Structures are given as C-alpha cells and as structure tokens.
Amino acid sequence: MGCCNTLCGLKAGIGAGIAVAILGIILIPVGNNIIRETVTKESVIEPGTTAWDNWVSADAPVYRQFWFFDVQNPLGVVENGSKPKLVEKGPYTYKTRYLPKENITANPENHTISFLLPAGAIFEPSMSVGSEEDSVTSLNLAVAGGYKLLPPWVLEAAIKLNNVSLFQRRTVREILWGYKDPILKGTVGLFFPYNGTYDGPYSVFTGKDDISKVSIIDRWKGEKKVSFWNNTYCDMINGTDGSSFSPFLDKKKPLYFFSPDISRSVSAEYERSLNLKGIEVYRFKLPPLTLASPAVNPDNQCFCTDSVVTKNCTLAGVLDISSSSGQPVYISLPHFLHGSPYLVEDVEGLGPSEEHHVTFLDVEPTTGFSLRFAKRLQVNMMYGPSKIITVLKKVKDYTILPIVWLNETAALDDETADRFKKELLSRVDMLETVQFTLIGLGSAASVLCIVAHCLVSRNNNKLV
C-alpha cells in the first residue's frame with residue numbers, strides 16, 4: 001500500500017513537472033507575442049516611446065572627418081600632361097548634426113511625422129591633424145566647373161583675365177565652406193552653403209498603424225520622388241534615412257535608405273554579427289553593385305548621364321550628381337573603391353581599402369535602431385583635354401580627380417548603451433528567462449521524480 005502511495009505520488013510529481021514544462025513550452029509563443037508587442041510599441045515614433053526619445057535627441061554627436069588630396073605636381077600636370085601625384089592629408093574633423101530636429105509636426109491622417117534637419121559644423125581641433133587654416137593644393141573649382149559648363153573660349157578668357165590655373169592653393173576652411181572666387185565673382189566651396197541651412201523637410205511614417213513602415217520616408221522636400229534622373233526607378237525615394245529601420249530584422253533581406261548627399265536611394269546587405277558595448281548588432285554594408293557599371297548592374301543605366309566621360313556608360317564606381325547639385329561633381333567611394341581600375345591608375349597615391357573606405361551600418365536586430373554607422377564618400381571633379389584652354393592643352397584624357405573624401409560617423413556612447421539595455425532589452429531578456437525557467441523547472445521536477453521512483457523501487461526490492 002505504501003509503495004502504491006509512493007508510486008502514485010511520484011506519478012503525480014512527474015505529471016506536475018511535465019505540466020510545468022508544457023506550460024513553459026505553451027508560453028513560448030505567448031511570450032514571443034509579448035516581446036513583439038513590447039518592441040513594436042517602443043519602436044513607434046510617438047511621445048513616450050524609446051524610439052521617440054532617440055529620434056528627437058541630438059545627444060549622440062555625428063562627426064564628419066575630411067581627408068584632402070594634396071596635389072604634389074600641379075605644374076607637371078599642366079605643362080607636361082603628367083599624372084597627378086596625390087598625398088592624403090587628414091583627418092580634419094567637424095561635429096555635425098548636433099542640432100535637434102525642428103518644426104516637428106504630427107500628421108495623424110496618414111500616420112506620418114514631418115520635420116527639418118538643421119545643418120551645422122563645428123571644428124574639432126583635438127580630433128584633427130591640423131587647423132582649418134592648413135593649405136592644400138587642389139583642383140581649381142571654378143576652372144573644373146567651367147570646363148563642363150562654359151564654352152571653351154569663355155573659360156580661357158576668364159583664366160587669363162584673372163591669372164589663375166588648373167590648380168590652386170586654398171585652406172581647408174575655404175575648400176569646404178567657401179571662398180570668394182575671382183572667376184565667378186561669388187562664393188565657391190564644396191559644401192557651401194552649409195551652416196544655417198536645412199535638409200528637408202522630411203515626412204516619415206511613425207509605424208503607428210503598420211510597424212513595418214516605421215521611419216520609411218514618405219516625402220522629401222514635399223515630393224514622393226526626386227526628379228534628377230528622369231527615370232521612374234532611379235527617381236525613387238526608397239527606405240528610411242538610415243538612422244533606424246523596422247524591428248525584427250531579417251538578415252537575409254537588404255536594408256534600403258535614401259541619401260540626399262548622392263540624390264538617390266541605396267541598399268545595404270548583411271555581412272556579419274558584432275558585439276557593440278554588450279549589444280548584438282548586425283553589420284550591413286554597401287555592396288559593390290551600388291556603383292557598378294550598367295553592364296554589370298543594369299539597374300544603374302538610368303544613373304549614367306554622360307556617355308563620353310563614362311566611356312559609353314562602362315565606367316564603374318562614380319556617380320555624376322551634377323543634375324541635382326547644379327555643379328559638375330562626381331561622387332564615389334573613397335579612393336575609388338569598387339571603381340574601374342583606370343580611375344586609380346590615372347593618378348598616383350591611391351589605395352582603396354574595404355576596411356577603411358566602405359560604408360556600413362551596425363543595426364540592433366530586435367529594434368531596428370542603427371547604433372553605429374560610417375558613411376564614406378569621396379567628392380571628385382573632372383577635367384579633360386582642350387585645344388583652346390591653355391592649361392588643358394597637355395592633358396591627354398578625361399581625368400576624374402579626387403578632391404576630398406569624408407567619413408560621417410556616429411556611435412552610441414556607454415551611457416546610451418546602458419540605458420538602451422536597461423529600458424528595452426532587459427524587458428525582452430526577462431520575458432525569455434521566464435519562459436525557459438518554466439521549462440527548466442518542469443524538466444528538473446520530472447527528473448527528480450523519476451530518480452526518486454527508482455530509489456523507492458530499489459528499496460522495495462530489497463525488502464522483498
């Protein structure tokens with residue numbers, strides 16, 4: 001009778017243990033739903049959410065690091081048609097995007113929110129190799145611009161009248177932010193005007209009605225597409241601004257984002273997982289196909305706007321943005337990474353590197369927040385042969401010459417990382433722990449009951 005009671009108790013204990021384990025297993029989808037609901041709620045761009053706090057904040061500084069290409073043989077290029085010899089000089093670092101968004105306006109009728117991004121740049125001497133007054137020998141912006149925009153005889157007269165040449169020596173500050181040009185009689189600079197200007201307005205989806213659309217750009221400057229490329233595909237504004245994406249990332253799917261710097265949308269592909277201050281992130285990188293020639297990537301055909309300079313659209317690695325910027329500027333990756341070999345061969349001093357020159361995003365996969373990024377671009381201008389313009393008579397072929405490359409980068413600091421882990425990820429971890437604790441307790445109880453049953457059976461056998 002005692003044995004029967006013991007056995008019945010053991011069966012009940014095993015049953016209870018199995019029940020607890022089954023309960024834990026049953027709660028997995030329930031817990032997963034709770035996790036999804038929690039993350040979804042915190043990812044909506046509205047007051048009171050984690051996404052809102054990150055979105056409106058300007059706490060994490062964004063830095064722009066500039067490396068200039070100092071031309072060592074300007075006379076040799078002009079008088080003998082020599083290859084330009086370049087020496088990289090930098091970084092010269094500025095803090096940007098330190099100003100909060102302005103004119104934030106909710107549009108509940110279509111679940112979007114609108115805003116302006118103010119632009120500003122503050123020089124950071126401690127993060128730079130020298131001062132803004134350091135001088136660099138670089139392409140004369142007015143001459144290079146005039147080569148493409150003006151009749152040759154007009155440019156030749158302007159060059160002689162103002163006693164200028166193909167190259168000039170200017171300070172870092174002047175090249176970036178502007179100087180009074182003798183030919184154009186106005187202010188010229190690669191990023192002029194910048195301080196006091198705005199990017200946008202943007203209108204992005206909040207994710208309130210559909211979390212898969214969170215942060216996706218609905219309109220930029222009031223339009224759903226750009227009008228620079230005269231093509232439906234190339235004019236698309238596709239994806240977010242790169243600062244965040246929809247939660248629960250699928251690493252097999254690319255991330256899409258729009259970059260106003262290059263006037264087009266691009267995609268990034270998963271490369272690997274990393275640990276960033278105790279947080280797992282997915283690294284997404286710009287693939288080589290982004291700026292591939294149309295022969296390799298037919299989708300890029302509509303980005304080819306000059307068949308002569310691009311050698312019948314076979315040139316890879318360069319994007320002509322003159323239609324959007326109003327200036328004859330060519331954008332590439334630094335040191336012509338992923339570009340046609342002759343781009344590097346036409347000059348001396350370049351060394352493209354995947355590690356140092358590729359653009360990447362480190363995105364937390366559960367929330368879709370970009371926690372670290374590096375946007376790397378190179379600004380180039382073009383000059384070529386001419387029978388009329390004296391400073392170009394020795395030039396043998398079209399040359400796309402690097403002027404400066406930049407790394408726009410930001411990463412969450414220790415305080416932000418701790419807050420992120422505490423406020424959001426800790427809740428997710430807690431829910432997962434509850435699930436697996438229930439399974440573990442149930443399994444342990446079952447095992448203990450089975451062991452006890454074996455011991456009791458052994459003792460009963462001895463008594464018999």
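Position 1 is the first residue of the sequence, and the numbers go up from there. All values derive from a computational prediction rather than experimental measurement.
- Judged by distance alone, the side chain of Asp346 and the main-chain N or O of Lys83 form no donor-acceptor pair under 3.5 Å.
- The two residues Ala144 and Leu139 make their nearest non-hydrogen contact at CB-CD2, 3.6 Å.
- Atom CD of Glu269 and atom CG of Leu255 lie 10.0 Å apart (nearest 0.5 Å).
- Proximity of a side-chain donor or acceptor of Asn407 to a complementary backbone N or O of Ala374 within less than 3.5 Å is not detected.
- Annotation: cation-pi geometry satisfied between Lys311 and Tyr342 (NZ/CZ under 6.0 angstrom from ring centroid, within 45° of ring axis).
- Residues Leu291 and Ile331 fail the side-chain proximity criterion, which asks for heavy atoms closer than 4.5 Å.
- The SG atom of Cys302 lies 8.0 Å from the CZ atom of Arg264; values are rounded to the nearest 0.5 Å.
- Counting only N and O atoms by type, the side chains of Thr50 and Asp53 include no donor and acceptor under 3.5 Å apart.
- Closest approach of Gly120 and Asn195 over heavy atoms only: CA-OD1, 3.1 Å.
- The number of heavy-atom neighbours closer than 6.0 Å to NZ of Lys251, taken from other residues, nucleotides and ligands shown, is above 12.
- A distance-only check finds no donor-acceptor pair linking the side chain of Lys213 to the backbone of Asp218 [under 3.5 Å].
- Thr390 and Glu156 form a side-chain donor-acceptor contact under 3.5 Å, judged by distance and modelled atom types alone.
- More than 12 heavy atoms of other shown residues, nucleotides or ligands fall within 6.0 angstrom of atom CD in Glu133.
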Decide side chain to side chain contact (heavy atoms under 4.5 Å, CB included) for Thr416 and Asp413; before the verdict, give the C-alpha distance in whole Å, the side-chain angles of both, and the deciding distance to 0.1 Å.
-> CA-CA 5 Å; Thr416 306; Asp413 54 27; 2.6 Å; yes
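- In this structure a side-chain-to-backbone donor-acceptor pair under 3.5 Å is missing from Arg376 to Thr359.
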Apply salt bridge (charged side-chain N to carboxylate O under 4.0 Å, His left out) to Lys285 and Glu354, showing your working.
-> CA-CA 10 Å; Lys285 292 170 57 176; Glu354 187 80 19; 3.2 Å; yes
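- Of all non-hydrogen atoms in Gly145 and Met381, the two that sit nearest each other are N-CE, 3.8 Å.
- Put simply, CD1 on Ile388 and CG on Leu155 are 10.5 Å apart, with the number rounded to the nearest 0.5 Å.
- Side chain of Tyr147 to backbone of Pro385: a donor-acceptor contact under 3.5 angstrom is found.
- In this structure, the side chains of Tyr256 and Ser265 stay at 4.5 Å or more apart for every pair of heavy atoms.
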Intermediate values then yes/no, side chain to side chain contact (heavy atoms under 4.5 Å, CB included), Tyr92 and Val129 = CA-CA 6 Å; Tyr92 294 88; Val129 297; 3.7 Å; yes
From CA spacing to verdict: side-chain hydrogen bond (donor to acceptor under 3.5 Å, both in side chains), Asn103, Tyr198 | CA-CA 11 Å; Asn103 292 6; Tyr198 293 86; over 6 Å; no
Audit row: Trp52, Ile113, side chain to side chain contact (heavy atoms under 4.5 Å, CB included) steps and yes/no = CA-CA 11 Å; Trp52 175 264; Ile113 191 164; 3.6 Å; yes
With side-chain hydrogen bond (donor to acceptor under 3.5 Å, both in side chains) as the test, would you mind laying out the steps for Gln301 and Tyr233 before giving the verdict?
-> CA-CA 10 Å; Gln301 182 64 53; Tyr233 175 80; over 6 Å; no
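- A side-chain donor-acceptor contact under 3.5 Å links Thr409 to the backbone of Phe373.
- Contact annotation: the side chain of Val71 never approaches that of Lys85 to less than 4.5 Å [non-hydrogen atoms, C-beta and beyond].
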Criterion salt bridge (charged side-chain N to carboxylate O under 4.0 Å, His left out) on Arg64 and Asp261, from CA distance to verdict | CA-CA 13 Å; Arg64 274 194 179 187; Asp261 292 325; 3.7 Å; yes
Hey, mind stepping through Val204 and Thr240 against side chain to side chain contact (heavy atoms under 4.5 Å, CB included) and telling me if it holds?
-> CA-CA 8 Å; Val204 303; Thr240 74; over 6 Å; no
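- Put simply, the side chain of Asp362 does not reach to within 4.5 Å of the side chain of Leu371, judged on heavy atoms.
- Taking each heavy atom of Pro260 and Tyr202 in turn, the nearest pair found is CG-OH, 3.4 Å.
- The aromatic rings of Trp177 and Phe66 lie perpendicular to each other, with more than 60° between the two planes, well past the 30° mark.
- You'll find the side chain of Phe257 stays beyond 4.5 Å of the side chain of Asp241, heavy atoms only.
- A donor-acceptor contact shorter than 3.5 Å is absent between the side chain of Asn107 and the backbone of Glu109.
- Around the NZ atom of Lys148, the shell of radius 6.0 Å holds more than 12 heavy atoms that belong to other residues, nucleotides or ligands.
- Between the CZ atom in Phe228 and the OG1 atom in Thr305 there is a gap of 13.0 Å [rounded to 0.5 Å].
- The backbone N or O of Pro247 sits nowhere less than 3.5 Å from a side-chain atom of Ser43 that would complete a donor-acceptor pair.
- When atom types are taken as modelled, the side chain of Lys185 and the backbone of Pro182 share a donor-acceptor pair closer than 3.5 angstrom.
- Closest of all the heavy-atom pairs between Gly317 and Ser332 is O-CB, 3.0 Å.
- Atoms NE2 and CD, on His335 and Gln378 in that order, are 6.5 Å from each other to the nearest 0.5 Å.
- Summarising the geometry of Leu166 relative to Val77, their closest heavy-atom pair is CD2-CG1, 4.3 Å, with the distance given to 0.1 Å.
- For Lys160, the NZ atom counts as loosely surrounded, since its 6.0 Å shell holds 12 or fewer non-hydrogen atoms of other residues, nucleotides or ligands.
- For Thr112 and Asn110, the side-chain atoms include at least one donor-acceptor pair closer than 3.5 Å.
- By the 6.0 Å contact criterion, CG on Asn163 is open, its count of non-hydrogen atoms from other residues, nucleotides or ligands being 12 or less.
- The backbone N or O of Asp70 lies less than 3.5 Å from a partner atom in the side chain of Gln72, making a donor-acceptor pair.
- Between Tyr194 and Phe191, the ring planes are perpendicular. Angles over 60° get that label, and only those under 30° would be called parallel.
- A salt bridge is absent between Glu37 and Lys41: the closest approach of a Lys/Arg side-chain nitrogen to an acidic carboxylate oxygen does not fall below 4.0 angstrom.
- For the pair Val143/Phe167, no side-chain contact is recorded, criterion being any heavy-atom separation below 4.5 Å from C-beta on.
- Here the rule is side-chain hydrogen bond (donor to acceptor under 3.5 Å, both in side chains) with Tyr179, and of Gln168, Arg173, Glu174 only Gln168 fits it.
- The side-chain heavy atoms of Leu412 and Phe369, taken from C-beta on, include no pair separated by under 4.5 Å.
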Please report the C-alpha distance between Tyr383 and Ser386 in whole Å, then the side-chain angles of each, then the deciding distance to 0.1 Å, and finally whether the side-chain hydrogen bond (donor to acceptor under 3.5 Å, both in side chains) criterion is met.
-> CA-CA 9 Å; Tyr383 64 90; Ser386 174; over 6 Å; no
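- To the nearest 0.5 Å, atom CZ of residue Phe258 and atom CD1 of residue Ile217 are 6.5 Å apart.
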Should Asn312 and Thr314 be marked as a side-chain hydrogen bond (donor to acceptor under 3.5 Å, both in side chains) after you check the CA-CA gap, both sets of side-chain angles, and the distance that decides it?
-> CA-CA 6 Å; Asn312 200 26; Thr314 60; over 6 Å; no
